[in-house]
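Written below as structure tokens is the structure these notes are about.
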Amino acid sequence: GREVVLPTPFAVAKRFIELAETSGFYRALGGSLSRVLLGYLAGTLGGIAVGILMFFIKSARTLLSPLLTVIRSTPVASFIILTLVMMKNAHIPTFITFLMVFPMLAGTTCAALGETDPQLLEAARVYHVNGFVRFRALYLPSAAPQLRSQALTSLGFAWKAGVAAEVLCYPQNSIGLYLHDAKAHLETVDLFAYTLLIILVSLLLEKLLRLLLGKGARAK
């Protein structure tokens, strides 16, 4: 009977509907989505590009592999605290999202390219299929399934990390700001309602990305 400790599902659902009728709800949703998706897109494209570079250039792999390990091993909170004194609060969630996604895609890309069938590569050398043509015909199809799987996995991490960064730096128009305020004022029902929003958006983003990647795979 104490909603300040653990609200009932009915109370959370009711409060969620009430919040959904306010403009601030959608401004927060739009702000968080734009920051996280920008960081996710940058991390995905950058990670794939660096992964390709690491695979084909051994010195780049030697240089960057320890850096990727450090990024993966460092807690998200540590990065957030460090960046609080380096950049504007509104930019921190995007940067944190990028840091979470980038090493995952870079490592997966490098490893996936290394699993290309050596017999196909040998045939390509015999028939003098080189350069970008060989990359597009052999390496890319071999790596694509793993890249799609990692892109889906990293999206969930990106969304959670981005919102976590917002909770600590609370930029304007963000879900993290409302979570921070709910915690500060002991509005547990609001806290659960915005947590429900985070879960629903995560499920929706995963569903949309899965559809998009599926269409891309069928188009090929």
Handout entry: Reported CZ-to-CG distance for the pair Phe25 and Leu19, which is rounded to 0.5 angstrom
Key = 6.5 Å

Exercise for the section: List for me each residue that meets side chain to side chain donor-acceptor pair (under 3.5 Å) alongside Thr108, sequence neighbours excluded, and say none if there are none. Expected result: Gln150

Handout entry: With sequence neighbours excluded, residues passing side chain to side chain donor-acceptor pair (under 3.5 Å) with Arg72
Key = none

Handout entry: Interatomic distance, Phe98 atom CZ to Thr44 atom OG1 [nearest 0.5 angstrom]
Key = 10.0 Å

Practice task
Identify whether Tyr194 and Phe16 are in the same connected component of the hydrophobic contact network (ILVMFWY, side-chain heavy atoms under 4.5 Å).
Solution key: yes

Problem - Taking every non-hydrogen atom, the tightest pair across Glu166 and Gly176 - result: OE1-N, 3.1 Å

Exercise for the section: Search all heavy atoms of Ala151 against all heavy atoms of Leu209 and return the closest pair with its distance. Expected result: O-CD2, 3.7 Å

Handout entry: Hydrophobic cluster partners of Leu204 (side-chain heavy atoms under 4.5 Å)
Key = Leu208

Practice task
Could you state whether Leu84 and Met87 fall into the same hydrophobic cluster, counting links through intermediate Ile, Leu, Val, Met, Phe, Trp or Tyr residues with side-chain heavy atoms under 4.5 angstrom apart?
Solution key: yes

Problem - Spatial distance of atom OH (Tyr178) from atom CZ (Arg27) [nearest 0.5 Å] - result: 6.0 Å

Fill in the blank from the handout: What one should report as the nearest heavy-atom pair of Tyr40 and Ala158 is CD1-CB, 4.0 Å

Exercise for the section: Would you confirm whether Ser34, through its side chain, and Gly30, through its main-chain N or O, come within 3.5 Å as a donor-acceptor pair? Expected result: yes

Handout entry: Heavy-atom closest contact (Ala112 atom, Ala143 atom, distance)
Key = CB-CB, 3.6 Å

Exercise for the section: Measure from NZ or CZ of Lys160 to the centre of the six-membered ring of Phe157 and say whether it is under 6.0 Å with the direction within 45° of the ring axis. Expected result: yes

Exercise for the section: Could you check if a side-chain atom of Leu41 sits within less than 4.5 angstrom of a side-chain atom of Val101, using non-hydrogen atoms only? Expected result: no

Result block: side-chain N/O donor-acceptor pairs under 3.5 angstrom for residues 88-97, not counting sequence neighbours:
from: Asn89; atom 1: ND2; to: Cys169; atom 2: O; distance (Å): 2.9
from: Thr94; atom 1: OG1; to: Arg35; atom 2: O; distance (Å): 3.1
from: Thr97; atom 1: OG1; to: Pro93; atom 2: O; distance (Å): 2.7

Handout entry: Identified side chain to side chain contact (heavy atoms under 4.5 Å, CB included) partner of Thr195 from the options Leu200, Val12, Asp190, Leu179
Key = Leu179

Problem - Gap between atom CD1 of Ile198 and atom CG of Leu29 - 0.5 Å precision - result: 10.5 Å

Problem - ILVMFWY cluster, Leu38 and Leu212 together (side-chain gap under 4.5 Å) - result: no

Handout entry: Same apolar cluster: Val167 and Trp159, side chain cutoff 4.5 Å
Key = yes

Practice task
Report the hydrophobic cluster partners of Tyr170, with the cluster defined as I, L, V, M, F, W, Y residues connected by side-chain heavy atoms closer than 4.5 angstrom, directly or transitively.
Solution key: Leu177

Would you be so kind as to tabulate the donor-acceptor pairs closer than 3.5 Å made by side chains of residues 59-71, with sequence neighbours excluded?
from: Arg61; atom 1: NE; to: Met54; atom 2: O; distance (Å): 3.0
from: Arg61; atom 1: NH2; to: Met54; atom 2: O; distance (Å): 3.4
from: Arg61; atom 1: NH2; to: Phe55; atom 2: O; distance (Å): 2.8
from: Thr62; atom 1: OG1; to: Lys58; atom 2: O; distance (Å): 3.1
from: Ser65; atom 1: OG; to: Arg61; atom 2: O; distance (Å): 2.7
from: Thr69; atom 1: OG1; to: Ser65; atom 2: O; distance (Å): 3.0

Problem - Distance, nearest 0.5 Å, that separates CD of Glu21 from OH of Tyr26 - result: 8.0 Å

Problem - Contact summary for Gly162 and Val36, nearest pair of heavy atoms - result: CA-CG2, 3.9 Å

Exercise for the section: Indicate yes or no: at least one non-hydrogen side-chain atom of Leu33 is less than 4.5 angstrom from one of Leu205. Expected result: yes

Exercise for the section: Would you kindly confirm whether Phe132 and Leu147 end up in one hydrophobic cluster when ILVMFWY residues are joined by side chain heavy atoms under 4.5 Å apart? Expected result: yes

Handout entry: Considering all heavy atoms, the nearest Leu138-Thr116 contact
Key = O-CG2, 3.8 Å

Practice task
Working to the nearest 0.5 Å, report the span between NZ of Lys207 and OG of Ser202.
Solution key: 14.0 Å

